[in-house]
Asker: 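The structure follows.
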Amino acid sequence: MSMLGSLGENLTNTMKKLAGMSVIDKKVVKEVVKDIQRALIQSDVNIQLVLKLSKTIENRALNEEPPKGITPREHVITIIYEEMVNLLGSEAKELEINKKPFKILFLGLQGSGKTTTIGKLCKYLQRKGFSPAVVCTDTWRPAAYEQLKQLTEEMQIQLYGDPENKDALDLAEKGLKQFKNQKIIIFDTAGRHKNEDDLIEEMNKLDKIIEPDESILVIDGTIGQQAGEQAKAFSQATDIGSIIISKLDGTAKGGGALSAVAETGAPIKFIGTGERIDEFEAFDPERFISRLLGM
Amino acid sequence: SISEDDVEDILFELELGLLEADVAMDVSSVVVESVKNDLVGQKIKRSSDIEEYIYEALKKAVSNIIDIEGKSMTELLEEKVSQGEPLIVMLVGINGTGKTTTIGKLSNYYIKKGYTPVIAASDTFRAGAIEQIAYHADKLGVKLIKHEKGSDPAAIAFDAVQHAKAKGKELVLIDTAGRMQTNTNLMDEMKKIRRVSKPDLVVFVGDALTGNDATEQARKFNEAIDIDGVILTKADADSKGGAALSVGYIIKKPILFLGMGQSYDDIKEYDADWMLEQIFS
Ligand SMILES: Nc1nc2c(ncn2[C@@H]2O[C@H](COP(=O)(O)OP(=O)(O)OP(=O)(O)O)[C@@H](O)[C@H]2O)c(=O)[nH]1
Ligand SMILES: Nc1nc2c(ncn2[C@@H]2O[C@H](COP(=O)(O)OP(=O)(O)OP(=O)(O)O)[C@@H](O)[C@H]2O)c(=O)[nH]1
Ligand SMILES: [K+]
Ligand SMILES: [Mg+2]
Ligand SMILES: [Mg+2]
């Protein structure tokens, strides 16, 4: 496995100390675990999650008998890898458009990248032969409709919205009606956070009106320890089906998204790697794990 | 007297607390180290007093970072106005932190104090950016200097400064596109805006929910463009405010304002005591 190889090579010098050992040295394991802890905390993985994970890795490394023919070093690396994969939850399935209309609801904190990511997803779906329609229900952000319009018109994507209408629920209903014969309808929503009661209530209602087939939570790749609490509030308003991490083109590692996975049970499906419409990639667990571990 | 062993566990707890409040790891270590140096060797009467000592040492360490002396934006504005010049302010930061919204808030704030701002629509890149800032300018009755999408942001900033000087307006607010600190082209473009418009105050706008990346953002923007002050947005979103510490530690310039919501009035002048309370709550 390539991942195991690079884990072993890159994880730091402490990992090297495991090489050539015939039995596992407790002290070295503790050092390795400490390195992992540091890397994950710096990657914005939730502190409690990190503490739990490192305890599990330590226990397993010290107590599990390595399978025959496996060196202690390989054994420890395998454990680290398995436990990291565990954090990512269930494997991400491709978006399956199995219903008409298939309704996708975007949600997330202010400025996390929802609107831009909708542009990206439209492009992605177009490449797969679909022509999605988009509904703007963001009545908060000035020029939210203009932004979507500029993003979608280059791709000749149909857009419904009305900057004069300040009722998000009404906009959702009208959009649904207008696009009822479309194969895919994507709903953009205003950014909100868990302490904005009115907006959380609005999300509840939007969920009831739209009855989304897939709710996508957009997580800002630079977010820290708040990611979990915020994701929890969103998952109480709608059943989150997948997560997209934006802004992974900078130096942030995106570990906040793991708390969102833990809170919602939804897998990460795509990542955003730039502002442009084609800077969008399918999520790659191995690469993400390497990134989190600082490799 | 206090030994290292006495405080090891407490310091570990303390470090976890800082990390959970989103203080970047390298900054948390610095704070904890400083607390430790402050404590070890100190003579105390009762061992039960240790916690109290630690708390005081911590408060001191944190205050050193987030309570930085410097003039407020209002003071700077008053100074410039008394010299018959506008105060030129340029807002920078990564994508989506709240720069444009903050310009709306600052306009409103200073209009209420009797000043007349002018806004430069120097984000000519993002979809809907010009329309977004135009909405704020319109709503608040502020003159907006704009060119078409894709045009040179530095030229717009320059025009706004000329406009303020010609019309005797007191405040120029330059809205710039969000950019990743790793994007060399866009960082260069930002430097050009600075060269051409010669701002008195370059403000780094950071999102209060940012985790460990806050230090890297602050460091790179500061290296590229010399930040004079910081505004932290989305402080209403229940963050513990650790980003203030991370950014403050790197930039070592005062935090000017906190963004506390999406409306024009949701901005307040920074208050170090308030911030301390957030971090320790
Ligand atoms: N560098 C980078 N910027 C991104 C990415 N995704 C989005 N952005 C930028 O992030 C900023 C915010 O994006 P929006 O799409 O407006 O975010 P939003 O969640 O719709 O914002 P609100 O509707 O105000 O809540 C914009 O400047 C985008 O260009 C990404 O993957 N990388
Ligand atoms: N809750 C809350 N939301 C805020 C605050 N400041 C800005 N926002 C929201 O954050 C989102 C992004 O704000 P913008 O002002 O567009 O951010 P920006 O930095 O100009 O974004 P780009 O130009 O795309 O880089 C909008 O939905 C704003 O309403 C704040 O203090 N609190
Ligand atoms: K934004
Ligand atoms: Mg949006
Ligand atoms: Mg902006």
Side-chain angles (χ1 to χ4, degrees), chain A residues 38-39 41-48 50-51 109-116 119 140-154 163 190-196 199 220-227 229-230 233 246-256 274-275 277, chain B residues 16-17 19-26 28 94-101 104 125-136 138-139 149 177-183 186 206-217 219-220 233-234 236-240 242-243 246 261-263:
Chain A
R38 286 187 69 85
I41 290 174
Q42 272 179 314
S43 298
D44 295 321
V45 180
N46 176 277
I47 305 288
Q48 298 307 325
V50 173
L51 294 179
L109 291 169
Q110 282 94 353
S112 57
K114 297 173 291 301
T115 306
T116 310
W140 263 96
R141 157 92 169 248
Y145 175 77
E146 271 303 319
Q147 185 185 4
L148 262 180
K149 184 157 166 258
Q150 289 174 21
L151 282 168
T152 51
E153 77 192 347
E154 292 164 39
R192 64 201 75 212
H193 63 70
K194 72 179 180 63
N195 291 2
E196 291 168 316
L199 284 171
D220 186 321
T222 67
I223 196 173
Q225 297 291 318
Q226 267 288 309
E229 284 302 305
Q230 298 289 349
S246 66
K247 308 184 195 174
L248 285 187
D249 46 318
T251 45
K253 301 291 179 21
E275 291 188 72
I277 209 118
Chain B
L16 287 183
L19 291 168
E20 286 195 306
D22 273 324
V23 179
M25 191 176 219
D26 29 351
S28 301
I94 73 151
N95 306 86
T97 56
K99 297 171 290 299
T100 306
T101 308
F125 179 74
R126 185 176 48 72
I130 298 174
E131 290 79 2
Q132 184 187 6
I133 192 74
Y135 174 93
H136 290 307
D138 205 44
K139 189 105 186 164
K149 190 160 186 273
R179 66 201 77 223
M180 281 294 161
Q181 71 276 16
T182 46
N183 187 322
L186 290 179
D207 184 327
L209 297 170
T210 314
N212 278 270
D213 200 44
T215 48
E216 200 53 24
Q217 290 173 22
R219 183 176 293 123
K220 287 284 152 51
T233 60
K234 309 181 199 173
D236 53 316
D238 207 31
S239 73
K240 295 284 185 298
S246 309
Q262 304 198 71
S263 306

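Order of the sequence lines sets the chain letters (A, B, ...), proteins ahead of strands, with each chain counted from 1. All figures in this text were calculated on a predicted structure; none of them were measured in a lab.
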Asker: CZ of A:Arg38: more than 12 outside heavy atoms within 6.0 angstrom?
Answerer: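 Open: at most 12 neighbouring heavy atoms sit under 6.0 Å from CZ of A:Arg38.
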Asker: Side-chain contact test, heavy atoms from C-beta onward, threshold under 4.5 Å: evaluate it for B:Thr233 versus B:Thr101 and give yes or no.
Answerer: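 Of all side-chain heavy-atom pairs linking B:Thr101 with B:Thr233, none is under 4.5 Å.
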Asker: Quick one: do the A:Gln147 and B:Glu131 side chains pair a donor with an acceptor below 3.5 Å?
Answerer: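 Short answer, no.
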Asker: Where does A:Lys247 contact chain B at under 4.5 Å (heavy atoms): side chain, backbone, both or neither?
Answerer: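 For A:Lys247, the contact with chain B is made by backbone and side chain together.
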Asker: Measure distances from A:Glu275 to the heavy atoms of chain B and classify the residue's part below 4.5 Å as side chain, backbone, both or neither.
Answerer: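 For A:Glu275, the side chain is the part near chain B, not the backbone.
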Asker: Between A:Glu196 and chain B, which part of the residue has a heavy atom less than 4.5 Å away: side chain, backbone, both or neither?
Answerer: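 Contact with chain B: side chain only.
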Asker: Could you check which of B:Ile130, B:Asp26, B:Thr182, B:Ile94 has the highest count of heavy-atom pairs closer than 4.5 Å to chain A?
Answerer: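 Going by pairs under 4.5 Å, I would pick B:Thr182.
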Asker: So for A:Ile277, is it side chain, backbone, both, or neither that comes closer than 4.5 Å to the heavy atoms of chain B?
Answerer: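 Answer is neither: A:Ile277 stays 4.5 Å or more from chain B.
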Asker: Name the region of A:Arg192, side chain, backbone, both or neither, that has any atom closer than 4.5 Å to a heavy atom of chain B.
Answerer: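 No part of A:Arg192 comes within 4.5 Å of chain B.
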Asker: B:Asp236 versus chain A, heavy atoms under 4.5 Å apart: side chain, backbone, both or neither?
Answerer: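 Both backbone and side chain of B:Asp236 come within 4.5 Å of chain A.
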Asker: For atom CD of A:Glu153, decide whether the heavy atoms of other residues, nucleotides or ligands shown that lie under 6.0 angstrom number more than 12.
Answerer: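 Yes, the 6.0 Å shell around CD holds more than 12 heavy atoms from other groups.
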Asker: Which answer fits B:Ser263, side chain, backbone, both or neither, if we ask what part of it has an atom under 4.5 Å from a heavy atom of chain A?
Answerer: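 Contact with chain A involves the side chain of B:Ser263 alone.
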Asker: Is B:Lys149 close to chain A through its backbone or its side chain, or both, or neither, when contacts mean heavy atoms under 4.5 Å?
Answerer: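 Side chain only.
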Asker: So what's closer than 4.5 Å to chain A heavy atoms on B:Gln181: side chain, backbone, both or neither?
Answerer: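 Contact with chain A: side chain only.
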Asker: Quick check for you: among A:Lys194, A:Gln48, A:His193, which has the greatest number of heavy-atom pairs under 4.5 Å with chain B?
Answerer: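 Looking at each option in turn, the highest pair count goes to A:His193.
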Asker: Quick check on A:Leu109 against chain B: is it the side chain, the backbone, both or neither that has a heavy atom closer than 4.5 Å?
Answerer: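 For A:Leu109, side-chain heavy atoms alone lie under 4.5 Å from chain B.
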Asker: Go through A:Leu151 and A:Thr115 one step at a time and tell me if the side chain to side chain contact (heavy atoms under 4.5 Å, CB included) criterion holds.
Answerer: CA-CA 9 Å; A:Leu151 282 168; A:Thr115 306; 3.9 Å; yes
Asker: Which answer fits A:Asn195, side chain, backbone, both or neither, if we ask what part of it has an atom under 4.5 Å from a heavy atom of chain B?
Answerer: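 When you check distances to chain B, only side chain atoms of A:Asn195 fall under 4.5 Å.
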Asker: With a 4.5 Å heavy-atom cut-off, do B:Met25 and B:Leu19 have their side chains touching?
Answerer: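 Answer yes - side chains close enough.
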Asker: Determine whether B:Phe125 and B:Leu186 make a side-chain contact, defined as any pair of heavy atoms from C-beta on separated by less than 4.5 Å.
Answerer: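 B:Phe125 does not reach B:Leu186 side chain to side chain.
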Asker: Less than 4.5 Å to any heavy atom of chain A: does that hold for the side chain of B:Ile133, its backbone, both, or neither?
Answerer: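 Neither part.
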Asker: Tell me if a side-chain donor or acceptor on B:Gln132 pairs with a main-chain N or O of A:Ala143 at a distance below 3.5 Å.
Answerer: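 Checked: no pair found.
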Asker: Does atom NZ (A:Lys149) have a neighbourhood of more than 12 heavy atoms from anything else shown, all under 6.0 Å?
Answerer: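 Incorrect, the count does not exceed 12.
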